[in-house]
Number of protein chains: 2
Amino acid sequence: MAETRELTKNQALVFGVLSKADGPLSAYSMLDQLREHGFRAPLQVYRALEKLVEFGLVHRLESINSFVACTHPHDHSHGLIAFAICETCGAVDEFSDEIVEQRLTGWSRNNNFQLAKTTIEMRGVCANCSSA
Amino acid sequence: MAETRELTKNQALVFGVLSKADGPLSAYSMLDQLREHGFRAPLQVYRALEKLVEFGLVHRLESINSFVACTHPHDHSHGLIAFAICETCGAVDEFSDEIVEQRLTGWSRNNNFQLAKTTIEMRGVCANCSSA
DNA sequence: ACCTATAATGTAATAACATAACGATCAGGA
DNA sequence: TCCTGATCGTTATGTTATTACATTATAGGT
């Protein structure tokens with residue numbers, strides 16, 4: 001069981017918006033949704049996101065400049081996470097793969113590369129969209 | 001042996017800048033370098049880059065909003081390419097891994113995800129920088 | 001309660017990255 | 001020649017992210 005973390009007001013607002021969304025959101029779209037709650041500037045969103053990512057509650061999707069609430073916020077076991085992003089509906093699937101992780105950490109070890117962070121993002125069309 | 005492709009003037013200029021660089025460059029830094037050659041607008045760079053990426057001569061690094069000349073422009077065998085990006089010196093190492101590719105295409109098949117493009121980018125500190 | 005250090009916030013301005021829209025130009029094939 | 005498709009030039013605009021600086025809130029020690 002992961003400990004519950006106390007979020008600040010802004011962090012809670014941003015996390016709330018992201019959690020209610022059914023897919024990734026850009027920082028600016030979150031800002032728009034939060035204007036009625038007093039948000040005025042991008043930095044209010046970016047600062048909250050920075051912390052939420054740090055806490056492991058939110059992931060940043062580099063390839064689409066967006067953010068998504070973590071699907072498995074209580075599972076701290078996975079070191080590396082891969083994402084499958086549907087280019088049609090925007091849905092994001094999040095998964096871990098031990099083998100992939102081993103291969104990449106192996107490469108890093110062999111090449112004396114001090115690995116800090118790995119991004120794996122697959123883009124394509126999800127099952128729902130391709131069957132429709 | 002890969003066929004040699006005829007690049008247009010702008011494509012050749014952009015590719016030249018990127019090839020001479022010892023690491024990734026942003027579109028705007030290329031634009032700055034090409035102003036003396038008559039470039040005036042970002043689109044001139046972005047349009048050339050789009051083609052160069054399509055030709056397989058250039059890769060886009062999503063996590064750092066930059067572009068890098070392909071290290072193995074004549075090797076069309078690799079389907080998936082991973083990058084190791086040094087956060088200290090900016091150097092980029094490019095490699096392929098069959099196993100990783102199999103795992104990710106396997107996941108896609110199992111989940112009926114029609115995979116179009118995969119991004120794998122590792123950030124950390126390269127051998128040179130960590131020994132220094 | 002009071003001080004203090006740290007974290008979080010508010011705000012304005014600007015930097016950095018990327019594309020839309022439109023028209024002109026150029027090259028190759030019918 | 002005429003058509004067609006790709007490329008190019010240019011302006012404007014859209015989108016994403018950060019710098020800088022002042023202020024406020026919070027937790028911990030005394």
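Here the structure is a predicted model, which is why all the values come from computation and not from measurement. Just so we're on the same page: letters track the sequence lines, and every chain starts at 1.
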Between residues 29-51 of chain A and DNA chain C, which residues have a heavy-atom gap below 4.0 Å? A/Arg40, A/Ala41, A/Leu43, A/Gln44, A/Arg47, A/Lys51
I'd like to know if B/Arg123 and A/Glu62 make a salt bridge, using a cut-off of under 4.0 Å between side-chain N and carboxylate O. yes
Between A/His59 and A/Cys70 the two heavy atoms that sit nearest each other are NE2-SG, 3.2 Å
Looking at A/Lys51 and A/Glu54, does any basic side-chain N land under 4.0 Å from a carboxylate oxygen? yes
Could you tell me from which nucleotide to which nucleotide of DNA chain C, 5' to 3', there is an atom under 4.0 Å from chain B heavy atoms? C/dC17 to C/dA21
Within less than 4.0 Å of OP1 or OP2 of D/dC8, is there a side-chain N or O belonging to B/Thr8? yes
With side chains defined as the heavy atoms from C-beta onward, is the minimum distance between A/Trp107 and B/Met122 less than 4.5 Å? yes
Taking 4.0 Å as the cut-off, does a side-chain nitrogen or oxygen of B/Asn10 come that near to OP1 or OP2 on D/dT7? no
Using a 3.5 Å distance criterion without hydrogens, assess whether the side chain of B/Ser29 forms a donor-acceptor pair with backbone atoms of B/Leu25. no
Verify, without hydrogens or angle tests, whether B/Asp97 (side chain) and B/Ile99 (backbone) share a donor-acceptor contact under 3.5 angstrom. yes
Quick one: A/Leu61 CG to D/dA17 P, roughly how many Å, whole number? 11 Å
Looking only at heavy atoms, what is the nearest atom pair of B/Cys89 and B/Cys126, with distance? SG-SG, 3.8 Å
Provide, to the nearest angstrom, the distance between the CD1 atom belonging to B/Ile64 and the C1' atom belonging to D/dT16. 16 Å
Taking all atoms of both residues into account, what is the closest heavy-atom pair of A/Gln114 and B/Ser130, and its distance? OE1-CB, 3.3 Å
Whichever of B/Tyr28 and A/Tyr28 has its nearest DNA chain C nucleotide further upstream toward 5': A/Tyr28
